[in-house]
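One is the number of the first residue; the rest follow in order along the sequence. Just so it is clear, the structure is predicted and the values come from calculations on it, not from any experiment.
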Amino acid sequence: MNYNKTLKKLDNYAVPYLYAIIIGCVLIGYILRYTVPQMYLNLTLIPHKVILDHQFWRLFTWIFTTPYELKGLMIVFLPINLFFYYSLGRALEAYWGRFMYNLYIFGGMLLTNIFVMVGGYFRYIWSPNADQNIYIDLMTNIDAVACCDITQLMFISIFLAFAVVGGDNIVYMYFVIPLKMKWLAILDLFFLAYYILAGTYYLKLIALSIVINFGIYYLINRGKATEPSTLKRRREFEKAKKSKKSKHQKVEYNADGTIKFRDANGIIPPGFGNPDSISIHKCAVCGLTEKDNPNIEFRFCSKCNGNYEYCSNHLYTHQHIN
């Protein structure tokens, strides 16, 4: 069973343009926060209201909460930041596929909700100091404020995910200072570690859920690298494949009576019209040839030092040879 073909089939059941939906929800949250503040507060994830008042809708509506308050320069940087995370989400979906991107986002949200719910039941119901904890949280509201920043931590998780596959890409801090994304990702991991060690009760749980979700993703994608230009080439490659399949082929015969195929341009596709013992293409990673799978595509990598050819499964995931 072909793993990539399975993922492509699952893409049909995934939510399209999820990265745009997330940014849209945050924008709606900003509008509500500064026009209908009471409605906005009813959407945020406040654990004691979920556990004690059974306001379970907050487990789903916290996606509308805003990552930070609009004041000073943050007003100017808001559209820039949102477009930045929109671009990261779009690139991640193009690289990993719609289903896997959905799985990462929804998996992270589900894990966060589980940690908050279990932590809430322990703090307010199962703990010997439950009454005291309820009193403290109602009076101080510290952890409720921490949970209001949950979308900010979700954006950090998206940044970390992209840094795994595109860590060598450069971003310009304050539009001037060039920094590799993997360096900023390491800094974000230190922030998350600080939240886990020194944050408030629920901030610890949320940060821990994000680290675990990212850890699973990292184990799957470590060693893989990509760039925006590579993603563009990949999309063009997929488009070219679809265009090629739409062309009609005509049947011709070799001198020995075997069938050979030519496309509309008169080109014989790999694996047809050749002696059985000869293969034209071979993947430098997995050793797959067109004899093993006549339907698979092969391409040379322009960034590798030498004539290294890769199948479509490894063209965008292999380590470049220098």
For [Y], is there any backbone N or O sitting under 3.5 Å from a side-chain donor or acceptor partner on [X]?
X      : Y      : value
Thr151 : Thr65  : yes
Asn213 : Ser209 : no
Lys49  : His54  : no
Asn102 : Val15  : yes

Please tell me if the side chains of [X] and [Y] come closer than 4.5 Å, counting only heavy atoms from C-beta onward.
X      : Y      : answer
Phe298 : Cys311 : yes
Ile206 : Phe115 : no
Tyr34  : Glu69  : yes
Asn12  : Phe99  : no
Pro67  : Tyr30  : yes

Geometric class of the Tyr85/Phe155 ring pair [parallel <30°, tilted 30-60°, perpendicular >60°] =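 Parallel.
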task = Please state whether the rings of Phe159 and Phe84 are parallel, tilted or perpendicular, taking 30° and 60° as the class boundaries.
result =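 Because their plane-to-plane angle lies in the 30° to 60° range, the rings of Phe159 and Phe84 count as tilted.
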Shortest non-hydrogen contact between Met181 and Leu88, atoms and distance = CE-CD2, 3.8 Å
message = Taking transitive links into account, so neighbours of neighbours count too, which hydrophobic residues share a cluster with Tyr13 at under 4.5 Å side-chain distance?
response =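 Its cluster partners, ordered by chain and number, are none at all.
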key: Co-members of Met139 in a cluster of I, L, V, M, F, W and Y side chains, linked at under 4.5 Å   =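 Result for Met139 is Tyr135.
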inquiry  = Centroid separation under 6.0 Å, is that true for the rings of Tyr101 and Trp96?
reply    =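 No.
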ask   = So Thr66 and Tyr40, side chain to side chain donor-acceptor pair (under 3.5 Å) or not? Walk me through it.
value = CA-CA 10 Å; Thr66 58; Tyr40 173 78; 3.1 Å; yes
remark   = side chain to side chain donor-acceptor pair (under 3.5 Å) filter on Lys180, not counting sequence neighbours, yields none
Ring-face cation contact, Tyr201 with Arg123, 6.0 Å cut, 45° max = yes
query = In Å and rounded to the nearest 0.5 Å, what is the CD1 to CG distance from Ile210 to Leu205?
reply =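 Answer for the CD1-CG pair, Ile210 versus Leu205, is 11.5 Å.
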key: Distance in Å, Leu203 CG paired with Leu208 CG, rounded so as to fall on 0.5 Å steps   = 11.0 Å
